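Order of the sequence lines fixes the chain letters, A, B, ..., with proteins taken first and strands second; residue numbering starts at 1 for each chain. Fair warning: this is a prediction, and the values are worked out from it, not measured in the lab.
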There are 2 protein chains.
Amino acid sequence: MSARSSRSTQPQHEDAGASAAAVRGGSIAAVAQRAGVSVATVSRVLNGHANVRAATRERVLAEIETSGYRVNELARNLRTAESRLLLTMVPDFGNPFYAEIVRGIDSVARAHGFFLLLCDTGADAGRERSYFDLLRRHRADGAICLDPATVQHANQVMAAESTALPWVACCEFDPDVGVPYVGIDNYRAAHDAVRHLLARGRRRVALINSDEHYLYAQQRRDGWRDALGEAGIAMRDVWRVNVNCLDYDAGAQAAAALMQLPAGEAPDAIFAVSDTLAVGVLNGLRGAGRRVPQDVAVVGFDDIALAAQIDPPLTTIAQPMRELGETAARLLLRRFADPRASVPGVLLPHRLVVRESG
Amino acid sequence: MSARSSRSTQPQHEDAGASAAAVRGGSIAAVAQRAGVSVATVSRVLNGHANVRAATRERVLAEIETSGYRVNELARNLRTAESRLLLTMVPDFGNPFYAEIVRGIDSVARAHGFFLLLCDTGADAGRERSYFDLLRRHRADGAICLDPATVQHANQVMAAESTALPWVACCEFDPDVGVPYVGIDNYRAAHDAVRHLLARGRRRVALINSDEHYLYAQQRRDGWRDALGEAGIAMRDVWRVNVNCLDYDAGAQAAAALMQLPAGEAPDAIFAVSDTLAVGVLNGLRGAGRRVPQDVAVVGFDDIALAAQIDPPLTTIAQPMRELGETAARLLLRRFADPRASVPGVLLPHRLVVRESG
DNA sequence: TTGAAAGCGCTAACAG
DNA sequence: CTGTTAGCGCTTTCAA
């Protein structure tokens with residue numbers, strides 16, 4: 001029997017005794033044969049089962065060592081019916097806010113033997129929003145969704161099925177839907193930010209918000225509106241601008257537009273719902289010849305690392321990004337452990353960080 | 001025969017006819033039975049093979065539609081011996097430079113039916129550098145390594161085996177090793193940056209560099225040193241500071257340290273090998289009461305989106321980040337197509353972007 | 001403590 | 001054009 005056909009993946013029908021081919025390559029059968037034990041035994045030592053005699057274990061381990069055998073996880077995955085992959089859907093992992101959350105997810109996932117299957121949902125834009133199909137096809141064991149658009153899609157068009165799938169929502173969520181979630185109290189956070197601005201004597205506080213189709217954006221808008229109202233200031237529509245992207249340029253443009261307003265109407269403060277937006281706002285204000293905070297105060301949201309570095313350092317609402325990610329992962333893991341357990345919603349605390357921009 | 005045991009994954013030995021259990025759930029066999037065809041036929045329509053009569057195809061498709069069947073990729077992966085996952089090793093995906101490269105990788109990977117298995121190598125720090133084991137265990141079909149430490153580890157301790165594994169190096173690479181790579185000409189890039197500073201009349205140009213254990217750092221240092229030398233300026237060791245992390249604070253601290261130098265020695269320009277570092281430098285300089293560029297000019301590296309937003313806008317060496325990622329992915333894909341093809345090394349062009357910082 | 005054997009669900013050769 | 005069938009490499013009963 002020669003070594004030929006060792007690359008073939010096709011049936012070989014060589015001689016009577018089966019797996020004639022399997023014996024050569026790096027299969028568990030090959031290791032078993034060379035170590036003079038059964039495949040079951042090799043599998044047992046591979047998985048650290050106790051019921052293997054020490055001497056036998058040593059022999060198998062030695063054979064594995066010398067042959068450089070590595071378990072084929074493709075086969076293991078089929079047999080155990082799990083991929084040990086966690087799907088992570090993020091709208092834009094170039095955004096430091098999401099990047100940090102993903103880090104949190106990754107750390108607990110790794111600690112539990114899972115890897116991340118990363119999907120930048122923004123990369124596909126509107127196209128095929130069926131990332132959940134990856135779950136159905138067993139490409140991932142569970143999912144964490146950071147993308148508000150995808151969360152809403154799941155809640156609305158998948159409705160019932162959505163709650164049956166092993167996933168959790170992070171940052172954007174609907175408490176009424178039965179999908180586990182973790183996030184912050186967006187209403188209070190926005191309210192806190194605006195109240196801070198008001199306390200510093202600002203009166204015309206603009207809001208640069210995401211698409212208010214999203215729940216979190218609605219909540220932040222409400223927080224802004226109510227804080228103004230409580231100070232006896234009627235919210236004005238010209239002070240509210242919605243952007244559909246959280247990058248720097250969007251913030252810069254929004255700020256520039258706001259500064260076009262006639263003198264008495266132009267805001268003396270801007271609350272942006274993301275630090276990246278706020279960094280752009282700073283830039284846009286500079287372009288419009290406004291000083292921060294003298295002419296216009298700026299408050300951001302998230303407290304990414306950059307917030308403390310720029311000039312002027314950004315006052316912002318800190319979100320516990322790492323914990324958000326860690327909690328999301330833990331919620332999902334808990335769901336694996338008991339698929340029918342109650343599904344908690346978790347709100348983590350935010351915090352106003354006062355720096356020099358407002 | 002009741003519906004019991006439908007959740008069981010264990011052998012059932014129920015009655016004579018095999019796969020009694022398999023027929024129920026969402027297996028291909030179940031679909032086949034209900035559609036009145038064989039599993040082979042279902043597999044054919046699933047994979048879009050041409051040799052299926054239209055009527056039969058319709059029948060199968062209809063059954064798939066009504067039953068909501070989804071292929072089990074775990075099984076498919078085992079059978080086809082591929083995971084269709086690309087391992088992406090990045091030292092820190094919170095860094096916008098890497099994030100953008102990963103985007104490039106992702107876009108071509110998706111276009112070819114691959115997903116990304118993301119590994120933040122920094123998350124583990126020194127611990128277990130054996131990410132390549134994921135390849136050996138078939139957890140991924142190939143890998144792209146953006147982490148200089150991991151690249152060196154592969155080149156040095158894995159030597160021969162390394163070149164046999166399906167991976168490509170991105171940004172950090174050793175042309176002599178036989179591993180496909182993509183990157184830029186770091187020597188010339190650094191040389192260009194420093195020459196620019198010199199042309200603007202700066203004489204004491206400091207370098208904030210990565211750990212010079214890495215090749216790319218050595219090359220950039222050489223470019224800096226030679227550009228100075230060509231201008232008749234001897235490089236001074238006090239002008240060179242090495243950091244082992246590219247985050248903002250590292251840059252801020254390095255700049256602060258540099259500004260401690262006695263008047264005649266203190267640099268009038270700083271070249272930092274990463275924009276994140278440079279942003280920190282701007283902050284450090286501000287803390288030391290220096291104006292940019294009047295007192296100290298600053299040049300960064302990478303041209304991340306932020307570079308154009310901060311104050312003052314950053315002069316920097318632009319790297320084609322997306323193309324870097326796309327090229328890396330394409331190189332890897334080409335290697336899949338022909339494992340024994342020649343392994344090209346690709347150098348992409350860099351570009352000096354002059355803004356206001358220096 | 002060990003081994004034999006039954007599949008996990010799929011693809012593809014081969015035969016009709 | 002369609003069906004039968006042999007595995008991919010592994011884990012886990014079940015029996016010894």
Side-chain angles (χ1 to χ4, degrees), chain A residues 5 7-14 17-33 35-57 59-60 69-84 137-139, chain B residues 5 7-14 16-33 35-57 59-60 69-83 137-139:
Chain A
S5 86
R7 301 188 62 80
S8 168
T9 68
Q10 309 320 327
Q12 284 301 323
H13 303 245
E14 303 227 330
S19 49
V23 170
R24 248 222 75 68
S27 72
I28 217 176
V31 174
Q33 196 192 62
V37 298
S38 72
V39 294
T41 298
V42 176
S43 176
R44 286 187 190 107
V45 347
L46 244 22
N47 292 287
H49 292 188
N51 52 346
V52 179
R53 192 159 34 110
T56 310
R57 177 189 310 283
R59 195 144 38 91
V60 172
Y69 166 80
R70 292 290 186 290
V71 63
N72 181 334
E73 303 210 29
L74 260 25
R76 173 179 286 175
N77 288 345
L78 172 60
R79 180 56 226 228
T80 61
E82 57 181 22
S83 65
R84 304 219 59 98
R137 291 184 292 170
H138 298 272
R139 220 174 199 323
Chain B
S5 86
R7 301 190 60 81
S8 168
T9 69
Q10 310 320 328
Q12 284 301 324
H13 303 244
E14 302 226 331
S19 48
V23 170
R24 250 221 72 70
S27 72
I28 218 177
V31 174
Q33 197 191 60
V37 297
S38 72
V39 293
T41 298
V42 176
S43 177
R44 287 186 189 107
V45 345
L46 244 22
N47 293 288
H49 292 189
N51 51 346
V52 178
R53 190 158 36 110
T56 310
R57 177 189 310 283
R59 195 143 39 90
V60 173
Y69 167 80
R70 291 292 186 288
V71 63
N72 181 336
E73 303 209 30
L74 260 26
R76 172 181 286 175
N77 288 346
L78 172 59
R79 179 58 226 227
T80 61
E82 56 181 24
S83 65
R137 291 184 292 171
H138 298 269
R139 216 167 207 320

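- Which of dC10(D), dC1(D), dT1(C) sits closest to the side chain of Ala75(A) comes down to dC10(D).
- Checked against dC10(D), dC10(C), dG3(D), the side chain of Asn72(B) finds its nearest nucleotide in dC10(C).
- Remark: Arg84(A) pairs with Glu82(A) by the salt bridge (charged side-chain N to carboxylate O under 4.0 Å, His left out) rule, at least two apart or across chains.
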Q. Side chain to side chain contact (heavy atoms under 4.5 Å, CB included) between Asn47(A) and Arg76(A): does it pass, once the steps are laid out?
A. CA-CA 11 Å; Asn47(A) 292 287; Arg76(A) 173 179 286 175; 3.5 Å; yes

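- To the nearest angstrom, P of dG7(C) lies 21 Å from CG of Asn77(A).
- Listed pair Thr41(A) / dT2(C) fails the phosphate criterion, with no side-chain N or O lying under 4.0 Å from OP1 or OP2.
- By the salt bridge (charged side-chain N to carboxylate O under 4.0 Å, His left out) test, Arg70(B) pairs with Asp133(A), sequence neighbours left out.
- Using modelled atom types, one side-chain atom of Arg59(B) and one backbone atom of Ala35(B) make a donor-acceptor pair closer than 3.5 Å.
- Between Tyr69(A) and the phosphate of dC10(D), there is a side-chain N or O to OP1/OP2 separation shorter than 4.0 Å.
- The separation between Ile28(A) atom CD1 and dC8(D) atom C1' is 13 Å, rounded to whole Å.
- For DNA chain D, the residues of residues 42-51 of chain A within the heavy-atom distance limit of 4.0 Å (strictly under) are Ser43(A), Arg44(A), Asn47(A), sorted by number.
- Remark: Thr80(A) is not in phosphate contact with dT11(D), judged by side-chain N or O atoms under 4.0 Å from OP1 or OP2.
- A straight line from CD of Glu73(B) to P of dC10(C) spans 10 Å, rounded to a whole angstrom.
- Among the protein residues, Val39(A) comes within range of the nucleic acid bases, having at least one heavy atom under 4.0 Å from a base atom.
- Atoms CZ (Arg76(A)) and P (dG9(C)) sit 19 Å apart, rounded to a whole Å.
- A distance of 9.0 Å separates OG1 in Thr41(B) from CG in Asn51(B), rounded to the nearest 0.5 Å.
- dG9(C) atom P lies 12 Å from atom CG of Leu78(B), rounded to whole Å.
- Atom CZ in Arg59(B) sits about 13 Å away from atom C1' in dG3(D), given to the nearest Å.
- Distance, Arg57(A) CZ to dT1(C) P: 9 Å, rounded to whole Å.
- The side chain of Arg79(A) lies closest to dC10(D), out of dA13(C), dC10(D), dC8(D).
- Residue Thr56(A) places at least one side-chain N or O closer than 4.0 Å to OP1 or OP2 of dT2(C).
- Dashed line: the shortest gap from a side-chain N or O of Ser27(A) to OP1 or OP2 of dG9(D) is not under 4.0 Å.
- Between atom CD of residue Glu73(B) and atom CZ of residue Arg137(A) there is a gap of 4.5 Å, rounded to the nearest 0.5 Å.
- Here Asn77(B) contributes atom CG and Leu78(A) contributes atom CG; the two are 9.5 Å apart, rounded to the nearest 0.5 Å.
- To the nearest 0.5 Å, the span separating CG on Asn72(A) from OG on Ser27(A) amounts to 9.5 Å.
- Side chain of Val71(A), nearest nucleotide from dC10(D), dA4(C), dC10(C): dC10(D).
- Per the geometry, CG belonging to Leu74(B) stands 14 Å off P belonging to dC10(D), to the nearest Å.
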